[in-house]
A.B. asks: 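Before I ask anything, let me first share the structure, which is written out below as structure tokens.
Below, read A as the first sequence line, B as the second, and so on, with proteins coming before strands; counting in each chain starts at 1.
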Amino acid sequence: MTDDSKPAAQGLNFIEAIIEADRESAKHGGDVVTRFPPEPNGWLHIGHAKSIALNFGLGLKYGGRTHLRFDDTNPLTEEVEYVEAIQNDIKWLGFDWGKHLYFASDYFEKMYLYGEELIKMGKAYVCSLSGDEVSEYRGDFFKPGKDSPYRERSIDENLQMFRDMRAGKFKDGAHTLRLKIDMASGNPTMRDPPCYRIRRATHHRTSDAWCIYPLYDYAHCISDALENITHSICTLEFESHRPLYDWVLEQLRTIPPGAPVAAPTGQPHQYEFSRLKLNYTVMSKRKLLQLVTEKHVSGWEDPRMLTLAGLRRRGYTAESLRAFATSVGVTKNDSWTDMGVLEGAIREDLNLRAPRAMCVLRPLKIVIENYPEGEQETVDVQNHPLKPELGTRKVPFGREIYIEQEDFQEVPPKGFFRLQPGKEVRLRGAYFVKCERVVKDADGAVVEVRCSYDPSTRGGDSPDGRKVKGTLHWVAAATAVDVDIRLFDRLFSVEQPGTDRDFLLDLNPHSLETLQAKGEPMLASSSSGQHFQFERTGYFFADPKDSKPGAPVWNRVVGLKDSWAKEQRADVRAVGTAQGADVRAVGTAQKR
RNA sequence: UGGGGAAUCGUCUAACGGCAGGACAACGGAUUCUGAUUCCGUUUAUCUAGGUUCGAAUCCUAGUUCCCCAACCA
């Protein structure tokens, strides 16, 4: 997929630059080992895709490897359901951890022994302050913390108590093991952080083997070191945790030979990049979970959700997501990516991938008066104009057909070149038709348009060389199949949901519209998981969950770009502002 | 009145003392049996103020703005 003929678009991202410098200096023996460390407490979303693509991409690019490690140190929120879903999503995205599947819980025994060693070194102590007291003693940003009264417990007592913690001799929350660092540090993370808490909860892997569990800051760096991770890449909010990450490993490296547990071999370094922020959506797992549990969406796999599962079901391809992840770049800038970039990525992919079909979303009946009654024929239509090798298909045509309601205007606006009284358009792959008259109901609404056709234009070209401006998609009424369609819009109606109020208030009430359309017969037999471009309307995907054999349900992945619609909107705006406009504007011509 | 980060077209991102480049968006045009795609073109940026230098987005000084940190969450 690389194109060396392109002029250097280069510029490594800053992590690649670090890695290349490290390889240059033979740091880590030139190895590159990264890891993707999800906590199994929710489904993966588009933001994770950026991290996955980064970590696995680096492993691939530099001939190293990437581990999948579940960061499962909090049994209260973690479940196997998530472990499975996460693996599923990563594989679907196209990445492979090979045999390198790990769990932080695999290291619980070692982590515990490291705790004992830290106690023996005088670097950790059992603290018996309550949660409230701990935060009180911690101070705040401007006020240094105070030492815990338990800070100077003897090594023997600490060791005994830590063992008793493990043995289940204390109530939940009665004690913690804390690292002895510096209660006056300007960085709150370094104010004697707890590294073990007592918590009787069944763990999804270790069951009830443990009643104490390590905390993130302690567990993560140790896991990285045990796996010989070289570049431990995380998001910006962990930046202030890096001194602690380094501190723990530094202590552990001093474990003497012959101790019950050997010092970890790896010397990983943590690097931080900015997480993906996309407008018109929310990314936090807490909010996504809330959308699911409060049933604002149908589940983690709702096609409007920007979870990987939701996007997959919506019809996004793994390729498009990987391309998107690459296109947003990797920096430490706090930035917002426009949803349009994601939509562009899937359009670009599907434009090449998806065969074309015709489907009329909001039908308007056309009767071709000079077409023989009772007669029917088939016309050949290209399956993919960009790929002639995909051939053509037979599409039935007849006297009565449907076109899109918006493709006819009795009183057309300026620039409209679709069907209108007295004018001729092309029905794709079929004939030129001309609007002769309009049939209205009692209220004056157009219910049917009467046309004539030119039999000599069969196939869509006129022998006399006359041109038409418009080409419409259509479906023959007699053979049309009813098609279930779901049109999705952005889940939220504002760029940054929840900025100054509850994010749920920013939900877009029109994010889902279902309708029954008229499609060409082929669409009834399409199998789930298939993509089409419905010509002139958008890219659609047969929903893998809701489709039944012979009755696919079509998700609109994304609409086609529509510069006509955009122009119309611009005209509306222009008219709106012109009314209030001031004539003085004429005078600006004198400038310069 | 702490600690840690970040500031480049509208957006995202390059440039590492030597012509501020690319992508997306926008706008204009060409082609088109999809008002799609494709192609061509145009507009738009170095947070501010000083300094060093032949030369500063880049180095120095001072300032401004924004983000993160006060779970026994990750």
A.B. asks: Decide whether A:Arg35 and A:Ser223 meet the rule of one side-chain donor and one side-chain acceptor closer than 3.5 Å.
C.D. replies: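 Absent: no donor and acceptor within the cut-off.
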A.B. asks: If pairing requires Watson-Crick or G-U wobble contacts with both distances under 3.5 Å, which nucleotide is the partner of B:A15?
C.D. replies: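 None - no nucleotide pairs with B:A15, as no candidate has both distances under 3.5 Å.
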A.B. asks: So what does A:Glu239 touch, heavy atoms closer than 4.0 Å: a base, only the sugar-phosphate, or nothing?
C.D. replies: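 Answer is sugar-phosphate: A:Glu239 comes under 4.0 Å of backbone atoms only.
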A.B. asks: With a non-hydrogen cut-off below 4.0 angstrom, is A:Gly415 in contact with a base, only sugar-phosphate, or nothing?
C.D. replies: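 The residue A:Gly415 makes base contact.
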A.B. asks: Of all the nucleotides listed (B:A36, B:C72, B:C68), which has the minimum atom distance to the side chain of A:Glu237?
C.D. replies: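 It is B:C68.
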A.B. asks: If pairing requires Watson-Crick or G-U wobble contacts with both distances under 3.5 Å, which nucleotide is the partner of B:G63?
C.D. replies: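 The base-pairing partner of B:G63, which may sit in any strand shown, is B:C47.
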A.B. asks: Applying a 4.0 Å non-hydrogen cut-off, can you work out what A:Gly131 is touching in the nucleic acid: base, sugar-phosphate, or nothing?
C.D. replies: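 Base contact.
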A.B. asks: CD of A:Gln533 versus P of B:G35: gap in Å, rounded?
C.D. replies: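 In whole Å, B:G35 P and A:Gln533 CD are 10 Å from each other.
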A.B. asks: Go through B:G3, B:G5, B:A36 for me and flag the one nearest to the A:Lys561 side chain.
C.D. replies: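 Nearest to the side-chain atoms of A:Lys561, counting from C-beta on, is B:A36.
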A.B. asks: What's the gap between B:A14 and B:U37 when it is taken at their P atoms, as a whole Å value?
C.D. replies: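 About 27 Å, rounded to a whole number of Å.
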A.B. asks: Let me know the distance between CZ of A:Phe238 and P of B:C73, rounded to the nearest Å.
C.D. replies: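 Those two atoms, CZ and P, are 14 Å apart.
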A.B. asks: Remember a base hit wins even if backbone is also touched, and classify A:Pro385 as base, sugar-phosphate or nothing at under 4.0 Å, heavy atoms.
C.D. replies: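 Base contact - A:Pro385 has a heavy atom under 4.0 Å of at least one base atom.
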A.B. asks: B:A36, OP1 or OP2 - any side-chain N/O from A:Ser563 closer than 4.0 Å?
C.D. replies: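 For B:A36, OP1 or OP2 has a side-chain N or O of A:Ser563 closer than 4.0 Å.
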A.B. asks: Separation of A:Glu16 atom CD from B:A15 atom P, in whole Å?
C.D. replies: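 Rounded to the whole Å, the gap is 11 Å.
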A.B. asks: What closest approach, in Å, do A:Met283 and A:Gly47 show between heavy atoms, and which atom pair accounts for it?
C.D. replies: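 Closest approach of A:Met283 to A:Gly47, heavy atoms only: SD-N, 4.1 Å.
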A.B. asks: OP1 or OP2 of B:U34 less than 4.0 angstrom from a side-chain nitrogen or oxygen of A:Arg356, does that happen here?
C.D. replies: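 A:Arg356 to B:U34 OP1/OP2: no side-chain N or O under 4.0 Å.
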A.B. asks: Would you mind classifying the nucleic acid contact of A:Tyr196 as base, sugar-phosphate or nothing, using non-hydrogen atoms under 4.0 angstrom?
C.D. replies: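 Touches nothing.
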A.B. asks: Atom CZ of A:Phe532 and atom P of B:U34: how far apart are they, to the nearest Å?
C.D. replies: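 That distance rounds to 19 Å.
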A.B. asks: When you compare B:C9 with B:G17, how far apart are their P atoms, in angstrom units rounded to a whole number?
C.D. replies: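 One P to the other, the span is 22 Å.
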A.B. asks: Round to the nearest Å and state the distance from A:Asp338 atom CG to B:A23 atom P.
C.D. replies: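 For the pair A:Asp338 CG and B:A23 P, the rounded distance is 18 Å.
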A.B. asks: Assign A:Thr73 to base, sugar-phosphate, or nothing according to its heavy-atom contacts below 4.0 angstrom with the strands shown.
C.D. replies: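 Here A:Thr73 touches the backbone only, sparing every base.
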A.B. asks: To the side chain of A:Ser240, which of B:G5, B:G3, B:A74 is closest?
C.D. replies: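 So the side chain of A:Ser240 is nearest to B:G3.
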A.B. asks: Would you tell me whether A:Asn279 and A:Arg490 have side-chain atoms, one donor and one acceptor, within less than 3.5 Å of each other?
C.D. replies: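 Result is no, nothing qualifies.
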A.B. asks: For nucleotides B:G18 and B:G3, find the distance between their C1' atoms and express it as a whole number of Å.
C.D. replies: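 Per the computed distance, 38 Å lies between those C1' atoms.
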A.B. asks: Do you see a donor-acceptor pair shorter than 3.5 Å between the side chains of A:Asp464 and A:Ser462?
C.D. replies: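 The criterion, which ignores hydrogens and geometry beyond distance, is satisfied for A:Ser462 and A:Asp464.
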A.B. asks: If you measure from the P atom in B:G51 to the same atom in B:U58, how many Å do you get, rounded?
C.D. replies: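 To the nearest whole Å, 14 Å.
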A.B. asks: What is the ring orientation for A:Tyr216 with A:Phe238, classed by angle as parallel under 30°, tilted 30 to 60°, or perpendicular over 60°?
C.D. replies: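 Judged by the thresholds at 30° and 60°, the geometry between A:Tyr216 and A:Phe238 is tilted.
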A.B. asks: Which one is paired to B:G41, where only Watson-Crick or G-U wobble pairs with both distances under 3.5 angstrom count?
C.D. replies: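 Here B:G41 is engaged in a pair, and the nucleotide opposite it is B:C27.
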A.B. asks: Between A:Ser105 and A:Asp72, does any side-chain donor sit less than 3.5 Å from a side-chain acceptor?
C.D. replies: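 On atom types as modelled, these side chains qualify, holding a pair under 3.5 Å.
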A.B. asks: Using atom P in both nucleotides, what's the gap between B:G50 and B:G55 to the nearest angstrom?
C.D. replies: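 It comes out at 16 Å once rounded to the nearest Å.
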A.B. asks: So, is B:A71 syn or anti if syn means the angle is within 90° of 0?
C.D. replies: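 What B:A71 shows is a syn base, its glycosidic angle lying within 90° of 0.
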A.B. asks: Indicate whether OP1 or OP2 belonging to B:A74 is found under 4.0 Å from a side-chain N or O atom of A:Arg197.
C.D. replies: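 Affirmative; the distance criterion is met.
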A.B. asks: Whole angstrom is fine here: how far is it from CG in A:Leu215 over to P in B:C73?
C.D. replies: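 In whole Å, B:C73 P lies 6 Å from A:Leu215 CG.
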A.B. asks: For A:Gln270 and B:G4, what is the distance between atoms CD and P respectively, to the nearest whole Å?
C.D. replies: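 After rounding, the reported distance stands at 16 Å.
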A.B. asks: C1' atom, B:A49 versus B:U65: distance in rounded Å?
C.D. replies: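 Those two atoms are separated by 15 Å.
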A.B. asks: Assign A:Arg428 to base, sugar-phosphate, or nothing according to its heavy-atom contacts below 4.0 angstrom with the strands shown.
C.D. replies: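 Result for A:Arg428 = base.
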A.B. asks: If you measure from the C1' atom in B:U64 to the same atom in B:A23, how many Å do you get, rounded?
C.D. replies: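 Roughly 30 Å separates the two C1' atoms.
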A.B. asks: The side chain of A:Arg199 is closest to which nucleotide in this list: B:A6, B:A14, B:C73?
C.D. replies: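 In terms of side-chain proximity for A:Arg199, the closest of B:A6, B:A14, B:C73 is B:C73.
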A.B. asks: Using a cut-off of 4.0 Å on non-hydrogen atoms, how would the nucleic acid contact of A:Lys469 be classed: base, sugar-phosphate, or nothing?
C.D. replies: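 Contact class for A:Lys469: none.
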A.B. asks: Please determine which of A:Phe534, A:Tyr539, A:Phe541 meets the ring pair (Phe, Tyr, Trp, His ring centres under 6.0 Å) test together with A:Trp554.
C.D. replies: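 Between A:Trp554 and the candidates, ring pair (Phe, Tyr, Trp, His ring centres under 6.0 Å) is satisfied uniquely by A:Phe534.
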A.B. asks: I'd like to know if the side chain of A:Tyr245 pairs up with that of A:Asp224 as donor and acceptor (distance under 3.5 Å, no hydrogens or angles considered).
C.D. replies: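 Looking only at side-chain atoms, A:Asp224 and A:Tyr245 do form a donor-acceptor pair, the distance falling under 3.5 Å.
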A.B. asks: In this structure, how many angstroms lie between the P atom of B:G5 and the CG atom of A:Asp334, rounded?
C.D. replies: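 Atom CG in A:Asp334 sits about 16 Å away from atom P in B:G5.
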A.B. asks: Can you say whether a donor on the side chain of A:Arg418 sits under 3.5 Å from an acceptor on the base of B:G35, or the other way round?
C.D. replies: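 By the distance-only test, yes, there is a pair.
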A.B. asks: NA contact type, A:Thr176, heavy-atom cut-off 4.0 Å: base, sugar-phosphate, or nothing?
C.D. replies: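 It contacts base atoms.
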